[in-house]
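Take a look at the structure below.
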2 protein chains.
Amino acid sequence: MTSVDEPARPNGRIRDAARTQAEILDVATREFARAGYDGARVDEIAARTRTTKRMIYYYFGGKEQLFTAVLERAYGVIREAEQRLDVEHLDPVAAIRRLAELTFDHHEQHPDFIRLVSIENIHGAEHIAASERLGKIGSPALDVIRRILAAGQESGLFTADVDAVDLHAMISSFCFFRVANRHTFGALFGRDLVAPDQREHYRAMLGDMVIAYLTAERAAD
Amino acid sequence: MTSVDEPARPNGRIRDAARTQAEILDVATREFARAGYDGARVDEIAARTRTTKRMIYYYFGGKEQLFTAVLERAYGVIREAEQRLDVEHLDPVAAIRRLAELTFDHHEQHPDFIRLVSIENIHGAEHIAASERLGKIGSPALDVIRRILAAGQESGLFTADVDAVDLHAMISSFCFFRVANRHTFGALFGRDLVAPDQREHYRAMLGDMVIAYLTAERAAD
DNA sequence: GAGTTAATGTACGAACCAGTACGTTAGTCA
DNA sequence: TGACTAACGTACTGGTTCGTACATTAACTC
């Protein structure tokens, strides 16, 4: 009954700290995203790895720090994606639209990340505050927006008074809401915001919205 | 929200089922909003009322049903607010802007409700699905949007191809994100989206965005 | 190839927590 | 006024869950 015959370590390394840590992070990401911080179970996370609960405490210290590590890695992924942004060869209008579309795509492709951010907000962003790494990650996307915005405003294509952080918030709002609130929105209004056949519609809607806002003639004040 | 502000009548009834239930709901709303569904403690909710845990089970059946009851009441409040909407005497542009502003205000004034909705989405809207009451509440706001939109489109002020549910999603996105994600956004970008001195700025931004979108000339396709 | 340490597994405990068995009292009405 | 019932309180339980003490082994160093 014992002997689920493991190949008695012929050449492969049984002990691999990096692999064990990565596996724990993978599983923990799924579990935290699925059930929330308090809903997730350390025992359950351990059971879904090839190692034991002991290793979670050995490498991460505890549930709280594990969640922080999960967040750090998740934010690292989007930072990397943002660093690969390549839209500045386009004219400002096309560049902003493209940037919005890539943001849209990234949100759609990483629902677990969206859920983690929701969860972290429920907890007042205390883990981000406690993390040295997360405190100081800038947003490459923000720099890109800043430059496109400046170019568009200089050429007179965009209205002058739009701030990059605000625009980022506007774009993120739409992308985030569509994924994060799809369950309640679907239940209450009978429309699945993430339905595949609606994808292009909402992607275009976001671009239209942002461009309309940036190019609209604002009432002088 | 029907809060319990009853001045503990000296010779009056000690036993008051309605008051006890309302008090439990008040406290539960705060606790669930504060800590999430799994983070909230039934004992803690009971301790913060003038009654005991026994009464929670007596009136609501369990934690799950209590949370559903909290959601039902919270959604009831916004439905009531939406029924008091009075913007249709305005021209379509002003009416939509006003509607967006009122949505903005309501989100700002009910952060607990926003948190409950976030929490419910983490749990896949399963409580809404299980609730008979919540399944069938329409949105009065949606009807208002529909009518304003139709008027605006008929008069040629608005572009023809905008759907009411989509517009509602757009407006809600911005309002929701600003409140729900203020912690992570603030921690990462150093900007408090809910800072009082930024309130008018973001309120105007929302209105500008929606009006720009509705009145923009879309590229024909 | 002996010693050292990083990595891993096992078993357990103490606190916590949702839910309940059972007893009590206030208010009502015949 | 006495019986009945809705409303309420106390005390407990059984299972869960985070965390840890202790044992063990793989792999590296010299």
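For the numbers below, each heavy atom of this structure counts, side chains included, while hydrogens, waters and symmetry mates do not. Chain letters run A, B, ... following the sequence lines, proteins first, then strands; residues in each count from 1.
In terms of phosphate contacts, T51(A) brings no side-chain nitrogen or oxygen within less than 4.0 Å of OP1 or OP2 of dA7(C). When the side-chain nitrogen and oxygen atoms of Y59(B) are compared with OP1 and OP2 of dC8(D), one or more of them lie within a distance under 4.0 Å.
Listed by chain and residue number, F177(A) satisfy the ring-ring contact (aromatic ring centres under 6.0 Å, His included) test with F176(B) (two or more places apart in sequence, or in another chain). With sequence neighbours excluded, no residue forms a side chain to side chain donor-acceptor pair (under 3.5 Å) with D192(A). Partners of E64(A) according to the salt bridge (Lys or Arg N to Asp or Glu O under 4.0 Å) rule, which considers only residues two or more places apart in sequence or in another chain, do not exist here. In this view, Y75(B) satisfies the side chain to side chain donor-acceptor pair (under 3.5 Å) rule with no residue, not counting sequence neighbours.
For the pair L66(A) CG and dG19(D) P, the computed distance is 10 Å after rounding to whole Å. Protein atom OH of Y58(A) is 5 Å distant from nucleotide atom C1' of dA7(C), rounded to whole Å. The CZ-P distance, from F60(A) to dT20(D), rounds to 16 Å in whole Å. As a whole-Å value, the separation of R19(A) CZ from dT8(C) C1' is 11 Å. Atom CG in D16(A) sits roughly 11 Å away from atom C1' in dA7(C) (whole-Å rounding). Look at CZ on F67(A): it is 18 Å from P on dT17(D), rounded to the nearest Å. What separates CD of E31(A) from C1' of dC18(D) is a distance of 15 Å, to the nearest Å.
Residue pairs that meet the salt bridge (charged side-chain N to carboxylate O under 4.0 Å, His left out) test with at least one member in residues 167-185 of chain B, sequence neighbours left out, are E108(B)-R178(B).
Taking the six-membered ring where the residue is Trp, F189(B) and F185(B) present tilted rings, their angle falling between 30° and 60°.
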Heavy-atom protein contacts under 4.0 Å, nucleotides 16-24 of chain C, coded B base, S sugar-phosphate only, - none: -SBBBBB--
